[in-house]
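Shown next, in structure tokens, is the structure this report addresses.
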Amino acid sequence: MPDQPGRPEEPRLLPPRDMPKRAVGGQSGRIALLHSLAHIELNAVDLTWDLVGRFAGHSVPRSFYDDWVRVGLEEAKHFSLLRKRLADLGSFYGALPAHHGLWEAAESTGNDLTARLAVIPLVLEARGLDISPNMIVKARKTGDAETADILEIIYRDEKRHVAFGAKWFRFLCDRERSDPEVRFQDLVRRHFKGGLKPPFNDRARAEAGLTPGFYRPLVRLTG
Ligand SMILES: [Fe+2]
Ligand SMILES: [Fe+2]
């Protein structure tokens with residue numbers, strides 16, 4: 001697999017620290033939020049197909065790949081829904097700069113499937129579950145039902161992505177006879193710099209099989 005995914009000429013990619021402050025409120029705030037979400041979803045498309053391709057030679061059941069192919073298609077659906085919403089509001093993906101930090105997690109876990117599952121679905125996508133419910137409420141409150149509907153679709157799908165991550169992470173730990181919670185904490189400490197930040201959406205995480213014993217201990221140690 002290539003080290004970097006192919007990208008359109010726009011948006012301009014900036015290091016996270018050089019990103020201009022995002023507009024808040026009003027039409028431009030709405031567009032800025034949709035734009036940053038579209039960028040995250042485009043990265044999610046790349047991350048998923050990178051997972052499928054990079055680890056294609058691993059001896060895992062075929063259903064492993066079936067799950068991630070489904071995820072890849074759903075990430076593409078999310079990107080398309082957001083891009084369409086940007087167009088409805090008179091903007092487009094590429095109109096604003098976007099940050100270049102999202103591929104780091106892929107680079108640091110390029111040689112280790114267990115680490116990749118720990119960091120992408122079980123840290124980053126689980127983080128999405130923490131944040132989404134508030135975003136949905138806010139969008140509805142400000143009269144943007146169309147965006148809220150899209151975010152609800154994404155939230156529902158992302159719960160399944162975390163569940164796939166938890167299922168296959170446990171499978172790999174089982175096979176190497178390691179304790180999944182201990183292994184998770186070890187891998188996240190090694191491969192994820194940001195630290196895990198509460199509040200957590202414990203219910204949604206648990207529904208996806210990611211119980212607090214996995215992530216709670218990481219708050220104190222990395223936060
Ligand atoms: Fe997504
Ligand atoms: Fe996802």
Side-chain angles (χ1 to χ4, degrees), residues 16-17 19 22 24 32-48 50-51 67-68 71-72 74-75 77-79 81-82 98-109 112 114-139 147-148 150-170 180-181 183-223:
R17 62 173 183 286
M19 283 291 290
R22 204 171 76 196
V24 184
L33 175 68
L34 287 162
H35 196 280
S36 76
L37 293 176
H39 184 63
I40 289 170
E41 295 293 349
L42 184 62
N43 273 274
V45 173
D46 295 330
L47 283 166
T48 312
D50 186 82
L51 171 79
D67 282 350
W68 297 111
V71 170
E74 287 174 349
E75 304 299 11
K77 177 184 74 182
H78 299 166
F79 175 74
L81 287 167
L82 292 164
H99 80 82
H100 196 31
L102 292 172
W103 196 249
E104 269 171 28
E107 285 172 338
S108 123
T109 58
D112 185 343
T114 318
R116 176 66 66 90
L117 293 182
V119 172
I120 306 294
L122 299 184
V123 171
L124 296 178
E125 295 193 287
R127 181 84 191 124
L129 299 184
D130 303 335
I131 295 166
S132 294
N134 272 338
M135 271 189 336
I136 294 167
V137 169
K138 227 178 181 172
T147 298
I150 293 170
L151 295 178
E152 260 164 22
I153 293 170
I154 294 176
Y155 180 58
R156 191 193 61 209
D157 290 345
E158 293 300 337
K159 221 187 269 186
R160 188 170 39 247
H161 301 177
V162 176
F164 286 160
K167 173 176 74 173
W168 290 112
F169 184 79
R170 285 175 199 273
E181 292 182 359
R183 188 90 168 96
F184 176 74
Q185 287 145 21
D186 174 49
L187 289 169
V188 172
R189 267 182 229 123
R190 262 193 285 156
H191 294 281
F192 186 73
K193 280 183 264 158
L196 303 194
K197 292 182 194 75
F200 299 111
N201 185 345
D202 289 316
R203 178 190 273 196
R205 283 167 170 255
E207 277 169 11
L210 188 61
T211 37
F214 279 85
Y215 53 87
R216 287 268 173 214
L218 288 167
V219 176
R220 193 166 46 84
L221 293 169
T222 59

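What's counted below: heavy atoms across the whole structure, side chains too, no hydrogens, waters or symmetry copies.
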Minimal non-hydrogen separation, G165 against W68, with atom names: N-CH2, 3.7 Å
Within the side chain of Q185, is there an N or O that forms a donor-acceptor pair under 3.5 Å with the backbone of G213? yes
How close do V162 and A126 get, counting heavy atoms only, and between which atoms? CG2-N, 3.7 Å
What one should report as the nearest heavy-atom pair of E75 and T48 is CG-OG1, 3.8 Å
Do T211 and R205 have a side chain donor and acceptor closer than 3.5 Å? no
Regarding K193 and E104, does a basic nitrogen lie under 4.0 Å from an acidic carboxylate oxygen? yes
Below 4.0 angstrom, N of the basic side chain to O of the carboxylate: do R190 and D112 qualify? no
Would W168 and D67 count as having a side-chain donor-acceptor pair, cut-off 3.5 Å? yes
For the backbone of E74 and the side chain of D157, can you confirm whether one donor and one acceptor N or O come within less than 3.5 Å of each other? no
Distance alone, cut at 3.5 Å: any donor-acceptor contact between the side chains of T109 and H191? no
Evaluate side-chain contact (heavy atoms from CB on, under 4.5 Å) for L82 paired with I150, printing each intermediate quantity in order. CA-CA 7 Å; L82 292 164; I150 293 170; 4.0 Å; yes
Of all the heavy-atom pairs spanning R116 and D50, show the shortest one and how long it is. NH1-OD2, 2.9 Å
For H99 against H39, the heavy-atom pair lying closest together: O-NE2, 2.8 Å
Parallel, tilted or perpendicular: which fits the ring planes of F214 and F184, with parallel below 30° and perpendicular above 60°? perpendicular
Give me the atom names and distance for the closest heavy-atom approach of P212 to D202. CG-OD1, 4.4 Å
Going through the distances and angles, do M135 and L37 end up as a side-chain contact (heavy atoms from CB on, under 4.5 Å)? CA-CA 11 Å; M135 271 189 336; L37 293 176; 4.2 Å; yes
